[in-house]
Amino acid sequence: MTSPDQLDRVARVALTWLFEPGHRTIWTLVQEVGAAQALDRLLGGDVPDHRLRAAVAARNAITDARRFAETALDRGERLGARLVVPADSEWPGRVDELARLRLSTGGRVNQDTRPPLCFWVRGAPPLGPATDRSVAIVGARAATSYGSHVASDMAYALAEKGWTVVSGGAFGIDAAAHRGALAAGGRTVSVLACGVDRPYPQGNAALFEQIAEQGLIVSEWPIGAEPLRHRFLVRNRVIAAATAGTVVVEAAARSGATQTMSRVLALSRPAMVVPGPITSAMSVGCHAILRGNPYARLVTSAGEVLEEVGRIGEYLTEPPRGPDHARDALDEESALILEALPRRGASSPEELAAAAGLDVRTVLRRLSYLELAGLVVRSGDGVAFRLDSC
């Protein structure tokens with residue numbers, strides 16, 4: 001006898017085969033009656049929307065939905081991939097916030113943004129804990145050497161601090177981010193727009209194997225699903241929702257990374273952008289995000305990223321400043337006297353008093369202080385020499 005849990009899992013896989021993940025109506029129906037009953041109603045034509053009935057009939061004519069789901073689960077088990085559903089302890093709770101995501105732009109991709117029904121996962125770490133402290137690093141496929149360097153270094157530093165780096169496994173910035181985390185011995189998660197049995201792009205096959213060994217490969221789509229163009233846009237909402245914040249390193253004017261950032265901002269998550277040269281086409285999208293969104297934050301280092309995603313006071317970075325000099329701690333009078341000394345040669349106390357606008361007594365007193373500080377030397381006749389270290 002099939003258990004309720006198994007019926008639920010089969011139904012969720014079948015539903016993600018019948019309809020693309022994030023479907024607003026399907027997700028709502030599952031919330032109301034459960035996955036198993038939702039599948040029964042859809043397969044029986046017991047739904048008012050004729051378009052849903054037509055879509056189910058067309059898909060089910062190819063393959064029986066339940067049989068497909070059972071086969072996919074068997075194949076996943078042989079592959080070493082597990083199905084994670086909301087009832088499981090490793091479910092990443094952050095993605096449930098997609099239920100409140102509202103976007104003003106039109107199109108199905110921007111309307112069907114509901115939470116996943118399930119995840120296929122390859123890799124040992126539990127999915128939820130792996131993404132609890134995670135940062136997404138995304139960007140252009142045609143990355144420049146500057147962008148790849150920044151993404152790799154940032155991912156390395158985040159992984160060293162114990163944060164998981166999440167990205168999409170694509171060429172360019174995604175791959176650089178994954179490799180940076182792996183090089184640090186840290187954890188990284190690749191969220192795919194296809195089945196976990198056929199990670200895309202194939203050119204990153206060796207990288208995907210490393211990710212599966214050291215981190216996780218994750219997808220909403222069933223085993224065998226192809227990487228269709230629109231699925232990358234559907235996938236981006238998960239990257240935005242599953243992480244504590246997202247960094248865009250490089251993005252062209254119409255990059256998918258900018259679409260990911262729209263989801264991040266709509267979810268009120270930390271939205272971070274790395275600036276680039278104003279002459280670079282690969283940074284046009286980054287600069288547009290910063291100009292158009294007051295809540296987007298400019299970041300230039302992993303330390304600044306951690307300030308945004310960490311707990312209040314957990315990560316505090318010092319503001320950038322130049323090298324310290326001995327003269328930085330001088331009082332105003334001592335600084336005036338030091339500036340009055342010539343770069344070469346010497347000056348008497350009287351000459352310094354005239355140049356600095358101070359009385360001779362003050363100059364003599366401050367010269368003693370400057371001598372103790374190692375900034376000047378004085379000869380027996382009271383003549384002062386400025387040292388090169390100044």
What residues, two or more places apart in sequence or in another chain, satisfy side-chain hydrogen bond (donor to acceptor under 3.5 Å, both in side chains) together with D46? none
Within 6.0 angstrom of [X] [atom1], more than 12 heavy atoms from elsewhere:
X	atom1	value
R365	CZ	yes
R24	CZ	yes
R102	CZ	yes
E77	CD	no
R133	CZ	yes
I62	CD1	yes

Show the nearest heavy-atom pair for residues [X] and [Y], with the distance to one decimal.
X	Y	result
L364	P349	CD2-CG, 3.7 Å
L103	Q111	O-NE2, 3.9 Å
A14	A65	CB-O, 3.7 Å
R12	V85	CD-CG1, 3.8 Å
A155	A181	CB-N, 3.8 Å
L336	A356	O-CB, 4.0 Å

With sequence neighbours left out, the residues meeting salt bridge (Lys or Arg N to Asp or Glu O under 4.0 Å) with D5 are R9
Kindly write out the residues that satisfy salt bridge (Lys or Arg N to Asp or Glu O under 4.0 Å) with R235, not counting sequence neighbours, or none if the list is empty. none
Side chain to side chain, [X] and [Y], heavy atoms closer than 4.5 Å:
X	Y	value
L192	W221	no
L367	E371	no
V247	E308	no
L330	L375	yes
P342	S347	yes
V238	P116	yes
L39	L18	yes

Kindly work out whether a path of hydrophobic side-chain contacts (I/L/V/M/F/W/Y, heavy atoms less than 4.5 Å apart) joins [X] to [Y].
X	Y	answer
V248	V150	no
M154	I173	yes
I217	L182	yes
V218	V166	yes
L43	I26	yes

Say you draw a straight line from [atom1] of [X] to [atom2] of [Y]; how long is it, rounded to the nearest 0.5 Å?
X	Y	atom1	atom2	result
D112	H230	CG	NE2	10.5 Å
L117	L15	CG	CG	6.0 Å
E220	E20	CD	CD	9.5 Å
I137	M272	CD1	CE	9.0 Å
S301	E307	OG	CD	8.0 Å
Q37	L7	CD	CG	12.0 Å

Look at R82 together with E90 and state whether they make a salt bridge at an N to O cut-off of under 4.0 Å. yes
Who passes side-chain contact (heavy atoms from CB on, under 4.5 Å) against A99, sequence neighbours left out? W27, P115
Partner residues of E213 under the side-chain contact (heavy atoms from CB on, under 4.5 Å) criterion, sequence neighbours left out: none
Measure from the side-chain N and O atoms of Q214 to the backbone N and O of G186, and report whether any donor-acceptor pair falls under 3.5 Å. yes
Using only atom types and a distance under 3.5 Å, with no angle test, would you say the side chain of N60 pairs donor to acceptor with the backbone of V56? no
Contacts of type ring pair (Phe, Tyr, Trp, His ring centres under 6.0 Å), residue F19, not counting sequence neighbours: H23
For residues 119-132, please give each side-chain donor-acceptor pair under 3.5 Å, one per line with the distance, not counting sequence neighbours.
unit_1 : atom_1 : unit_2 : atom_2 : d
R122   : NH1    : V196   : O      : 3.2
T131   : OG1    : L127   : O      : 3.1
T131   : OG1    : G128   : O      : 3.1

What ring pair (Phe, Tyr, Trp, His ring centres under 6.0 Å) pairs are there with at least one residue in residues 260-280, not counting sequence neighbours? none
Which residue pairs satisfy the ring pair (Phe, Tyr, Trp, His ring centres under 6.0 Å) criterion with at least one member in residues 37-81, sequence neighbours excluded? W17-F68
Within residues 266-277 or reaching into it, pairs that qualify as side chain to side chain donor-acceptor pair (under 3.5 Å) - sequence neighbours excluded: E97-R269
So side chain to side chain donor-acceptor pair (under 3.5 Å) across residues 166-179, not counting sequence neighbours, yields S167-D174, H178-T188
Fellow cluster residues of F232, listed by chain then number, with links counted only when side-chain atoms sit under 4.5 Å apart: Y200
Among side-chain atoms of E250 and T144, is any donor-acceptor pair under 3.5 angstrom? yes
For R237 and N110, test the side chains for any donor-to-acceptor distance below 3.5 angstrom and give the result as yes or no. no
Output, in order, the C-alpha distance, side-chain angles, deciding distance and verdict of salt bridge (charged side-chain N to carboxylate O under 4.0 Å, His left out) for D359 and R361. CA-CA 6 Å; D359 61 88; R361 183 183 297 274; 5.4 Å; no
